[in-house]
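Right, one structure below, let's go through it.
Computed from a prediction, not measured in an experiment: that's the story for all the values here. Just the heavy atoms: all of them, side chains too, but no hydrogens, waters or symmetry mates, feed the values below.
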Amino acid sequence: MAILLSIWFVSSYVLGIFLVEPLNGAQLGGFPLGFWFAHQGSIYVFIVLILVYAATMDRLDRRYGVD
Amino acid sequence: MNVQAWTYLIVTATFALYIGIAWWSRVRTTSGFYVAGRGVPAVANGMATGADWMSAASFISMAGLISFMGYTGTIYLMGWTGGYVLLALLLAPYLRKYGKFTTSEFVGDRYYSDAARLVAAACTIFVSFTYIAGQMRGVGVVFSRFLEVEVHWGVIIGVVIVFFYAVLGGMRGITYTQVAQYCVLIVAFLIPAAAISWKITGNPIPQLGFGGTVQEGQQAGVFLLEALDALHRELRLPEYTAAFVPGKKSMIDVTAIALALMVGTAGLPHVLVRFYTVRSARAARWSALWALVFIGLLYTTAPAVAAFARVNLISTLHNTSYSEVPEWFKSWETTGLISFDDQDGDGVIDMSDGANELTVDQDIMVLANPEIAELPAWVVALVAAGGLAAALSTAAGLLLVIASAISHDIGKSILWKDMSSRRELLLARVTASVAVVVAAYFGISPPGFVAQVVAFAFGLAASSFFPVLVLGIFTRTTTKEGAIAGMSSGILFTGAYIVYFRLIRPEATAEDWLFGISPEGIGAVGMLINFALALIVSRFTKPPPDEVQQLVSEIRLPRERAAES
């Protein structure tokens with residue numbers, strides 16, 4: 001979970017806010033990269049994070065016979 | 001058929017649908033009223049959470065706000081989605097595992113104190129009323145524009161509808177109407193977005209068109225965002241994609257606001273309670289995923305709509321003679337959402353910085369989008385129905401938590417412990433009815449505009465609930481004194497800061513703010529104060545009783561065992 005929360009922090013705050021100016025020097029298709037993270041990328045990352053978490057917890061639940 | 005006839009038809013049809021669902025799912029038990037009998041499937045709960053969560057502000061105002069803010073609009077995009085990660089990882093499954101009906105109930109039991117329960121219930125009521133005022137206002141605005149009735153009549157019609165299905169159907173009625181409302185609002189948002197994306201960039205998927213190239217006009221072949229930056233330079237405005245330049249918010253302010261909104265999302269009582277309606281902790285995790293998927297659909301489309309609308313607005317209106325403005329300009333001018341003040345008397349609209357003659361309300365970007373993109377009348381009507389669905393679904397969810405806080409947390413758990421379920425259900429319905437009337441009053445004479453009012457509700461939720469819930473789940477030793485001190489100081493600090501800078505000194509600038517953090521972001525500081533005080537006070541007070549510590553360990557299973565092995 002600590003790993004997932006670190007990814008959450010990096011994708012939103014580090015890439016989308018703290019490093020937005022240097023990242024905007026690079027392009028992703030028609031997007032400046034930092035701007036893309038702030039307006040699109042972070043949301044996709046959030047969805048993947050919850051997916052990974054829910055799947056991992058399902059595995060744990062099964063292993064310990066809960067639910 | 002004209003726009004108004006279509007609007008009446010579609011709005012009436014959707015209202016009939018909501019009432020039909022409410023009748024079909026009406027409830028007779030307290031468990032049905034508070035948590036829909038805990039039988040809601042994860043996907044349906046995800047949709048309901050999406051509608052519950054996406055308010056009039058998300059639907060009507062957000063794309064417009066982003067359109068004016070450019071990069072800085074990320075505070076809403078990240079802020080209003082990132083919280084779901086916290087919710088799914090830190091709160092929802094644990095609160096569901098604990099069970100019961102409300103979040104205040106968890107706080108009351110975990111902190112073995114009716115005082116903590118009361119503070120939590122009071123915070124719930126306060127946050128929810130702040131939030132609901134914005135929803136009722138949104139209903140009024142949609143009615144006044146599309147159906148040409150006065151704002152206050154619009155509010156009253158909205159209230160009657162919500163009253164019917166929230167009071168009759170309780171959580172079960174609300175859940176299934178929210179599922180329907182999600183479908184209405186997402187279709188209403190995506191159709192105009194796809195159409196406008198296709199028109200400007202030749203790609204019907206807004207998320208891709210956003211990064212595509214402009215199809216027509218002088219800027220043909222240029223990337224949309226580059227064209228937009230160029231238009232902004234021409235108007236002497238900061239570039240659309242630029243961050244932290246003069247005229248935009250500073251890095252610390254953006255960080256604080258995004259954090260306050262994220263943490264606020266995770267602490268909003270009406271969102272938390274949605275996770276009580278599913279069958280298990282496992283279902284709570286999956287429904288958090290579904291919720292974010294459904295929300296993400298709108299939230300990744302909105303910034304694209306914002307950019308398209310901005311390009312459209314500047315290229316159709318800047319340097320255009322007032323006598324040649326398009327039809328939609330005239331029709332929206334009568335609502336006061338857009339106005340032209342010909343300062344230099346040349347009859348030509350100038351939008352450049354310093355000489356701006358055009359005043360545009362952010363709500364217009366979504367509401368007028370279909371007209372600007374020249375879509376058929378029924379699409380315009382659909383947007384009206386979508387805006388109403390967004391506002392009504394959120395309002396209903398909020399009313400329910402207000403009613404539960406009063407009838408269950410304060411009534412049943414504190415004042416009248418031996419109240420029968422029948423009486424409690426009656427009390428819940430009566431309080432919901434009273435709350436709806438109060439909300440209507442706030443909607444008719446609201447404090448500030450929709451999105452801002454809602455943004456403050458987050459600060460208040462962030463600074464009150466989130467810390468005590470996280471500490472309640474992840475530490476065994478946080479005491480009741482710590483929790484009460486944390487919650488009340490967090491919300492008082494945040495509330496006082498907002499009141500001071502919004503009402504007493506609204507003219508204050510960034511230099512006057514604490515660390516340069518605006519009132520919208522101050523909830524992040526309130527949250528830190530709450531955490532700090534709760535931990536410090538807990539060290540110096542008597543540790544919680546054994547059964548409470550036992551309870552905390554149990555909620556966290558099977559994680560505990562996994563960590564030990």
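- Residues A/Phe46 and B/Met78 share a closest heavy-atom pair of CE1-O, 4.0 Å.
- A heavy-atom distance below 4.5 Å is found between the side chains of A/Leu51 and B/Trp286.
- The ring pair (Phe, Tyr, Trp, His ring centres under 6.0 Å) check on B/Phe294 picks up B/Tyr182, B/Trp290, with sequence neighbours excluded.
- Heavy-atom minimum distance, A/Ile43 versus B/Tyr299: CD1-O, 3.7 Å.
- Considering all non-hydrogen atoms of both residues, B/Tyr84 and A/Ile50 come closest at O-CD1, 3.5 Å.
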